[in-house]
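Chain letters run A, B, ... following the sequence lines, proteins first, then strands; residues in each count from 1.
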2 protein chains.
Amino acid sequence: MKENSRYVAVREVFQQFVRIFGQLQRGGAQDCGISVIQSHILYELGKRPNISLNDLAALLHTDTSSLSRQVQQLVEYGQVNRLPDPKDRRYVVLSLTAEGEQKQQYIAEFMETFLSEVFSKIPEDQHEQVFQTLEVMKTALNSTSSPCRKEPPSS
Amino acid sequence: MKENSRYVAVREVFQQFVRIFGQLQRGGAQDCGISVIQSHILYELGKRPNISLNDLAALLHTDTSSLSRQVQQLVEYGQVNRLPDPKDRRYVVLSLTAEGEQKQQYIAEFMETFLSEVFSKIPEDQHEQVFQTLEVMKTALNSTSSPCRKEPPSS
DNA sequence: AAACAATAGTTGCAAAAATCAATTATTGTT
DNA sequence: AACAATAATTGATTTTTGCAACTATTGTTT
């Protein structure tokens with residue numbers, strides 16, 4: 001296990017990723033007057049509209065009861081639509097309103113601005129390698145972590 | 001700005017890092033009967049012993065009042081030593097007890113086991129590149145400050 | 001078709017945690 | 001000596017979380 005010591009460094013880097021990114025998300029969310037979890041909801045709904053609450057909870061690794069209340073707030077704020085699914089009325093169908101879309105866009109730009117600054121610190125000729133490596137890690141992570149449920153009943 | 005679309009993918013990957021890693025940390029902490037923040041405290045104290053509460057709060061991007069209570073619990077659990085600093089008695093000096101060290105080790109192994117599984121999904125001949133890239137990203141992240149806020153979306 | 005089980009979502013409630021101001025103790029400064 | 005500044009804690013209020021109970025709808029069994 002000569003590589004094992006390297007995992008210590010890898011963990012350290014990941015820990016920093018998490019901390020810095022968490023900090024960023026907090027900033028972006030606060031600018032929009034919402035919580036971090038709510039910004040994740042907007043993000044996920046932007047990517048996968050018309051998802052159910054249950055599937056969203058699985059994606060975000062959170063409890064349905066907490067999520068239900070967070071969504072409730074976003075509905076009250078006018079940022080999320082929540083309608084019963086006509087095909088199976090136990091489900092709800094969640095989507096972004098125009099305003100929700102706007103906030104989601106704002107946060108996305110916020111994050112991407114930060115990332116562009118990060119990459120400006122990396123020599124241009126290494127960018128491609130970084131992108132590739134991140135993709136490699138993404139697929140490796142996905143095949144290691146517990147899988148999320150997909151295929152929502154509607155849509 | 002031609003690279004901008006790539007940042008979307010980068011954000012996506014980072015978001016997954018954060019989510020999966022957060023999940024992991026929750027698991028490791030729960031195994032030890034402590035909260036996630038408390039596991040971070042143990043981690044940081046393992047790396048930088050004899051730190052003050054204030055400096056720890058800065059490292060963890062958290063409030064001193066919350067942190068004080070979390071530390072208080074860890075002291076009660078017998079995992080953290082908290083002594084007034086003889087050089088400046090406004091400060092406290094935090095460090096791990098033997099039991100705290102043990103928990104910190106357990107969590108570290110937990111994480112490293114996971115990471116070794118992740119890397120087992122990556123072809124051996126790419127490991128070196130991944131390690132290198134992570135280091136590159138680490139230094140880039142560290143030398144990047146949080147972005148200045150633009151004006152938040154209306155409403 | 002009626003009865004029963006299973007599922008999605010919501011709500012109630014108690015515990016945990018975050019937040020912000022006030023307080024104490026110590027050190028630095030004028 | 002008096003005052004300002006800092007580290008840490010504590011109080012009090014509000015948020016958030018977690019678990020269980022509950023409602024409504026759909027699937028299944030007989």
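Regarding A/I37, its CD1 atom lies at a distance of 10 Å from the P atom of D/dG18, rounded to whole Å. We find that CG of A/L94 is positioned 13 Å from C1' of C/dT10, with the value rounded to whole Å. Remark: C1' of C/dT11 and CG of A/L67 are 15 Å apart, rounded to the nearest angstrom. Put simply, CD1 on A/I41 is 13 Å from C1' on D/dT16, counting in whole angstrom units. Taking atom CD of residue A/Q72 and atom P of nucleotide C/dG9, one finds them 14 Å apart after rounding to whole Å. Here D/dT17 presents its C1' atom at 14 Å from CD of A/Q73, a figure rounded to the nearest Å. Protein atom CG of A/L53 is 17 Å distant from nucleotide atom P of D/dT25, rounded to whole Å. One can place CG of A/L83 at 13 Å from P of C/dG9, the figure rounded to the nearest angstrom.
Nucleotide C/dT30 forms a Watson-Crick or G-U wobble pair with D/dA1, both donor-acceptor distances falling under 3.5 Å.
Of all nucleotides listed (D/dA8, C/dG9, D/dT16), D/dT16 comes nearest to the side chain of A/Q70.
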Pairwise N/O distances under 3.5 Å, protein to nucleotides 19-26 of chain C:
from	atom 1	to	atom 2	distance (Å)
C/dT19	O4	B/R69	NH2	3.1
C/dC20	N4	B/S65	OG	3.0

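With respect to the salt-bridge test (charged N to carboxylate O, under 4.0 angstrom), the residues B/K87 and B/D85 do not qualify.
Between A/S68 and C/dT10, a side-chain N or O to OP1/OP2 separation shorter than 4.0 Å is present. Using a 4.0 Å cut-off, no side-chain N or O of A/N54 falls inside it from OP1 or OP2 of C/dT7.
In this structure, A/F17 has its ring center at least 6.0 angstrom away from the ring center of B/F21.
A/R26 and A/Q23 share a side-chain donor-acceptor pair at under 3.5 Å. In summary, the side chains of A/H40 and A/Q25 do present a donor paired with an acceptor at a separation below 3.5 Å, with no hydrogens or angles considered. Between the side chains of B/D63 and B/S65, at least one donor N or O sits under 3.5 Å from an acceptor N or O.
In terms of modelled atom types and a separation under 3.5 Å, the side chain of B/S120 and the main chain of B/E117 share a donor-acceptor contact.
Classification of the A/Y7-B/F131 ring pair by plane angle, with boundaries at 30° and 60°, yields tilted.
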